[in-house]
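Sequence lines set the chain letters: A, B, ... in the order given, protein chains first and strands last, and positions in each chain run from 1.
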There are 2 protein chains.
Amino acid sequence: MIIHYKDKQYFTSKDLALSVIGGRWKIAIIWCLLHETPLRLSEIQKKLPDANQRMLIRQLRELEEDKIITRYVYPVVPPKVEYKLSEIGLLLEPVVTSICDFGDQFMQTIEKEPDPTSVD
Amino acid sequence: MIIHYKDKQYFTSKDLALSVIGGRWKIAIIWCLLHETPLRLSEIQKKLPDANQRMLIRQLRELEEDKIITRYVYPVVPPKVEYKLSEIGLLLEPVVTSICDFGDQFMQTIEKEPDPTSVD
DNA sequence: GTTCATAGTGACAAAAGAGTCAGTATTGCA
DNA sequence: TGCAATACTGACTCTTTTGTCACTATGAAC
């Protein structure tokens with residue numbers, strides 16, 4: 001079974017999923033939107049200060065293209081745009097949660113037994 | 001809270017988790033090892049024919065470095081090496097499962113409502 | 001008329017990641 | 001002697017992703 005999506009081929013639905021969530025800031029953005037919704041760009045920026053605006057916008061565009069988030073533009077000046085998770089996007093909650101859980105557990109193991117290559 | 005790991009800084013445990021599972025073939029390798037274990041390199045290659053050997057070895061090395069998998073070398077000729085998930089690696093089961101589940105659901109939505117940019 | 005706020009785009013440079021190809025080692029066997 | 005099998009490594013290129021900088025638009029407030 002081959003899945004065609006956005007001019008690419010995926011051999012498993014898992015690969016397709018990874019193409020949707022794979023992006024430097026995507027999981028972080030989804031995490032933010034799971035905790036508080038809707039959010040404006042400027043609010044996401046405050047929550048993710050290490051991502052620059054250009055990157056955030058690109059990631060938001062891709063998530064929107066994949067219908068993971070919705071974008072609502074208020075016809076006002078200065079602009080006001082709200083992002084929220086779509087119905088499909090909400091299905092990512094278990095993914096984000098399990099990644100967070102794993103991260104916590106992994107962190108505990110490296111704290112107990114610090115990696116020799118790590119620098120404190 | 002800043003986590004130092006392998007000469008890099010992580011601001012959340014989620015980012016740390018993503019650094020561990022982020023790699024073209026890592027989720028696929030872990031998926032294989034969750035279904036059948038242990039596996040030899042040549043067996044993983046058969047299960048992931050699109051990954052070339054060099055890439056698989058690199059991903060396996062990184063997973064080993066992060067203590068997600070263990071590598072056992074039999075002292076025989078020709079070489080025999082077995083890979084299996086470590087105790088920590090097994091904690092990734094919910095991550096892989098939730099990604100697969102999401103992938104399946106996502107696939108259904110794009111089948112129902114095909115994306116205009118996709119090519120069949 | 002200038003400035004502010006917000007959300008955005010274009011063009012490019014830098015870095016990271018992925019992929020390719022050729023080569024190594026060991027031992028047994030024909 | 002030469003080949004087969006398995007698990008690698010080195011060196012390189014190519015591609016993709018990420019990051020950076022400068023720039024736009026609009027209407028209100030001063």
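Residue B:R54 has no polar side-chain atom (N or O) positioned under 4.0 Å from OP1 or OP2 of C:dC21. When the side-chain nitrogen and oxygen atoms of A:S42 are compared with OP1 and OP2 of C:dA5, none of them lie within a distance under 4.0 Å. Here B:N52 does not reach the OP1 or OP2 of C:dG19: none of its side-chain N or O atoms lies under 4.0 Å away. For A:Q45, no side-chain nitrogen or oxygen approaches OP1 or OP2 of C:dT6 to under 4.0 Å.
Here B:Y5 and A:F106 bring their ring centres to under 6.0 angstrom of each other.
Checking A:P78 against A:R71, the closest nucleotide of DNA chain C that is more toward the 5' end is the one next to A:P78. Checking A:W25 against B:E82, the closest nucleotide of DNA chain D that is more toward the 5' end is the one next to B:E82. The residue among A:E62 and B:L60 whose nearest nucleotide of DNA chain D is located toward the 5' end is B:L60. Comparing A:R61 and A:V77 by the nucleotide of DNA chain C whose heavy atom lies nearest to each, the residue mapping closer to the 5' end is A:V77.
Between the C1' atom of C:dA11 and the CE atom of A:M55 lies a distance of 16 Å, rounded to the nearest Å. Taking atom NZ on B:K8 and atom C1' on C:dA15, their separation rounds to 10 Å, with Å as the unit.
Aromatic ring orientation, A:Y72 versus A:Y74: perpendicular (interplanar angle above 60°, classes split at 30° and 60°).
Contacts of A:Y83 with the nucleic acid, taken as non-hydrogen atoms under 4.0 Å apart, involve only primed sugar atoms and P, OP1 or OP2. In this structure, B:L41 reaches the sugar-phosphate backbone alone: every heavy-atom distance under 4.0 Å involves primed, P, OP1 or OP2 atoms, never a base. Among the protein residues, A:R58 comes within range of the nucleic acid bases, having at least one heavy atom under 4.0 Å from a base atom. Looking at heavy-atom distances under 4.0 Å, A:E43 makes no contact with the nucleic acid at all.
Each end of the helix from C:dG1-D:dC30 to C:dA30-D:dT1 yields a helix axis from five base pairs, and these two axes differ in direction by 30° (to the nearest 10 degrees).
First and last contacts of DNA chain D with chain A, using any nucleotide atom under 4.0 Å from a protein heavy atom and ordered 5' to 3', fall at D:dT18 to D:dG27.
No hydrogens or angles considered: nothing links the side chains of B:T109 and B:Q105 as a donor-acceptor pair under 3.5 Å.
Counting heavy atoms from C-beta outward, A:E64 and A:I68 have side chains that stay 4.5 Å or more apart. Within the 4.5 Å cutoff, no side-chain heavy atoms of B:K8 are placed close to those of B:H4.
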